[in-house]
Amino acid sequence: MSIHDTESSSRKVDLRTLSHEQLVDLMEQLGYPKFRAKQVEDWVWKHNVSDFQEMTNVPAALRADLSARCTLGGTSEVARQVSSDGSRKYLLRYSDGTQAECVGMPTRNRLAVCVSTQAGCRMGCVFCATGQGGFTRSLKATEIYDQVMHVSKDFQTRASSVVMMGQGEPFNNYDEVIKALRMLNSPEGAGIGARHLTVSTCGVIPMIRRFSKEPEQFTLAVSLHSAIQSTRNAIMPGVKKYTLQRLHDVMGEYVEATGRRPTYEYALIGGVNDNNAELEALCDFTRGTLAHVNLIQLNDLEDSRLKPSTQERAELFVRRLAQVGVEATIRNSRGNDIDAACGQLSQKHQE
Ligand code: SAH
Ligand code: SF4
């Protein structure tokens, strides 16, 4: 590429960053009718095209005008791994070189997509590859949205649900996360029902409160991992200031305000949070709430002293929780053979 090319492309604006009104203005400036904005948006947000030439119902002259002035984002695939269970994990790179990962998990005719909300994470959970890997930056709403579209395009099917359980803490990037959820929910965008859009947080209390006031019925999951304060402080140092008592209270407010059932994520770590005292504390924390508990066997990290618990302990947790009226399931960890645990693929590519 010549220097001239580089200079002209650096002045181009990413069309994905324009609001609907800005795009309509651009159409008017270029002398095209307003409805062309909607057509272009359909190609961008519904069909995830990466080239203006793919916009077949848009006049060639407009395609040329747009490509002279705009780019179409710059997400490229750095790596892709396919698991024996059918799930696929991707490492994507944005135009500034920042990388983020996402996973597609197909079941029969449905496709669940797991996305990252930040490159890295500031919370430092000791069992999490992302938490141990430092923080680069928060992702923009369009960058989160693009992960879903990338996976959906690769599977050639629409995404039926999205979980924000990749890298990063969504509630440390609240505004962009809400924007992304709205784009995913919108019939103009991916058109996924709000209940099928799940945010997972390590427990950032002010944002849980804010989330409970959002009008849409988005789903909330909270990473609990221990209901004993000293254990939780040790394994999740980033949320020390949000105590379990306060978390319990705010979750009560959440259920009251929304009537929705929250999920607690609990990764069983052998000898750390799987003993009887931990189990009783978990029963006390969840008893009488609407909550559902998801027990996950810890994904083994290389070079970590932390190990998964046993299947027997997991089953004991389920039985004991049932005795106190709390529904719990053991979630099978998908994509184990493709480093699908939080942050592991991107870590390998940085090494
Ligand atoms: N930051 C958010 C969302 C991303 S992490 C949160 O913490 O909830 C998504 C989920 O993966 C969380 O429940 C997190 O605790 C869990 N997780 C992280 N590392 C894990 C590991 N090694 N094994 C099992 N679950 C893990
Ligand atoms: Fe961040 Fe979630 Fe990993 Fe904790 S578990 S370090 S909050 S991504």
Side-chain angles (χ1 to χ4, degrees), residues 1-77 90 92-98 100 102 111 113 115 117 137-160 162 173 175-194 197 215-216:
M1 185 188 268
S2 70
I3 291 173
H4 177 79
D5 284 340
T6 316
E7 276 177 0
S8 64
S9 69
S10 69
R11 269 186 252 115
K12 288 184 183 181
V13 35
D14 180 357
L15 196 138
R16 288 168 177 270
T17 62
L18 300 182
S19 66
H20 177 69
E21 289 70 31
Q22 287 171 321
L23 194 59
V24 169
D25 284 349
L26 180 63
M27 290 302 147
E28 285 183 336
Q29 275 170 33
L30 295 172
Y32 294 95
K34 283 183 188 168
F35 76 88
R36 295 288 179 201
K38 176 80 178 66
Q39 275 182 329
V40 169
E41 280 171 331
D42 276 357
W43 285 109
V44 173
W45 303 115
K46 286 196 172 150
H47 305 293
N48 195 34
V49 296
S50 49
D51 188 330
F52 289 102
Q53 295 316 318
E54 292 175 66
M55 302 182 174
T56 46
N57 62 353
V58 172
L62 175 53
R63 279 185 256 153
D65 281 340
L66 286 175
S67 58
R69 284 169 182 77
C70 304
T71 61
L72 273 177
T75 314
S76 59
E77 192 177 284
Y90 311 78
L92 304 183
R93 181 188 283 133
Y94 300 109
S95 48
D96 70 344
T98 303
C102 48
L111 175 65
V113 181
V115 297
T117 54
R137 69 167 172 86
S138 285
L139 299 181
K140 305 297 284 178
T142 51
E143 293 172 330
I144 300 170
Y145 183 88
D146 280 353
Q147 295 171 49
V148 177
M149 299 317 276
H150 187 92
V151 176
S152 166
K153 203 169 186 178
D154 192 47
F155 276 92
Q156 298 187 315
T157 178
R158 63 180 293 277
S160 32
V162 174
N173 185 22
D175 292 341
E176 295 299 316
V177 159
I178 290 290
K179 248 193 252 173
L181 288 170
R182 299 213 160 111
M183 291 169 75
L184 291 166
N185 182 219
S186 159
E188 315 289 311
I192 303 169
L197 298 171
E216 295 90 349

Next item on the list: Let me know which of His20, Arg36, Lys46 forms a side chain to side chain contact (heavy atoms under 4.5 Å, CB included) with Glu41.
Entry: His20

Identify the two heavy atoms, one from [X] and one from [Y], that lie closest to each other, and give their separation to 0.1 Å.
X     : Y      : answer
Glu77 : His150 : OE1-NE2, 2.6 Å
Asp14 : Thr71  : CA-OG1, 3.3 Å
Ala37 : Leu23  : O-CD2, 3.6 Å

Notebook entry, point to check: Would Leu92 and Asp146 count as a side chain to side chain contact (heavy atoms under 4.5 Å, CB included) if you check the C-alpha gap in whole Å, the side-chain angles of each, and the deciding distance to 0.1 Å?
Noted result: CA-CA 10 Å; Leu92 304 183; Asp146 280 353; 5.9 Å; no

Note to self: Before you tell me yes or no, could you show the steps for Trp45 and Glu188 under side chain to side chain contact (heavy atoms under 4.5 Å, CB included), namely the whole-Å CA-CA distance, both residues' side-chain angles and the distance that decides it to 0.1 Å?
What the structure shows: CA-CA 7 Å; Trp45 303 115; Glu188 315 289 311; over 6 Å; no

Next item on the list: Check the pair Trp43, Thr56 against side chain to side chain contact (heavy atoms under 4.5 Å, CB included), reporting the backbone distance first and the verdict last.
Entry: CA-CA 9 Å; Trp43 285 109; Thr56 46; 3.4 Å; yes

Rounded to the nearest 0.5 Å, what separation is found between the [atom1] atom of [X] and the [atom2] atom of [Y]?
X      : Y      : atom1 : atom2 : result
Leu139 : Arg137 : CG    : CZ    : 6.0 Å
Ile192 : Ser152 : CD1   : OG    : 8.0 Å
Lys38  : Met27  : NZ    : CE    : 12.5 Å
Leu15  : Leu72  : CG    : CG    : 6.0 Å
Leu111 : Arg158 : CG    : CZ    : 9.5 Å
Phe52  : Leu66  : CZ    : CG    : 5.0 Å

Test your reading of the model: is there a side-chain donor-acceptor pair from [X] to the backbone of [Y], 3.5 Å cut-off?
X      : Y      : answer
Thr75  : Tyr94  : no
Lys179 : Thr142 : no
Ser67  : Arg63  : yes
Glu176 : Ala141 : yes
Tyr90  : Gln147 : no
Asn173 : Ser138 : no

Note to self: Within the supplied structure, the quantity of interest is the number of heavy atoms (other residues, nucleotides, ligands) at a distance under 6.0 Å from Lys34 NZ; does it exceed 12?
What the structure shows: no

Next item on the list: May I ask you to decide whether Arg16 forms a salt bridge with Glu143, counting only side-chain N to carboxylate O separations under 4.0 Å?
Entry: no

Note to self: Using side-chain heavy atoms (C-beta onward) and a distance below 4.5 Å, is Cys70 in contact with Leu26?
What the structure shows: yes

Margin query: Do Glu216 and Ile178 have side chains that approach each other closer than 4.5 Å (heavy atoms only, starting at C-beta)?
Written below: no

Notebook entry, point to check: What do the steps show when you test Val44 against Met55 for side chain to side chain contact (heavy atoms under 4.5 Å, CB included), and what is the final call?
Noted result: CA-CA 9 Å; Val44 173; Met55 302 182 174; 3.9 Å; yes

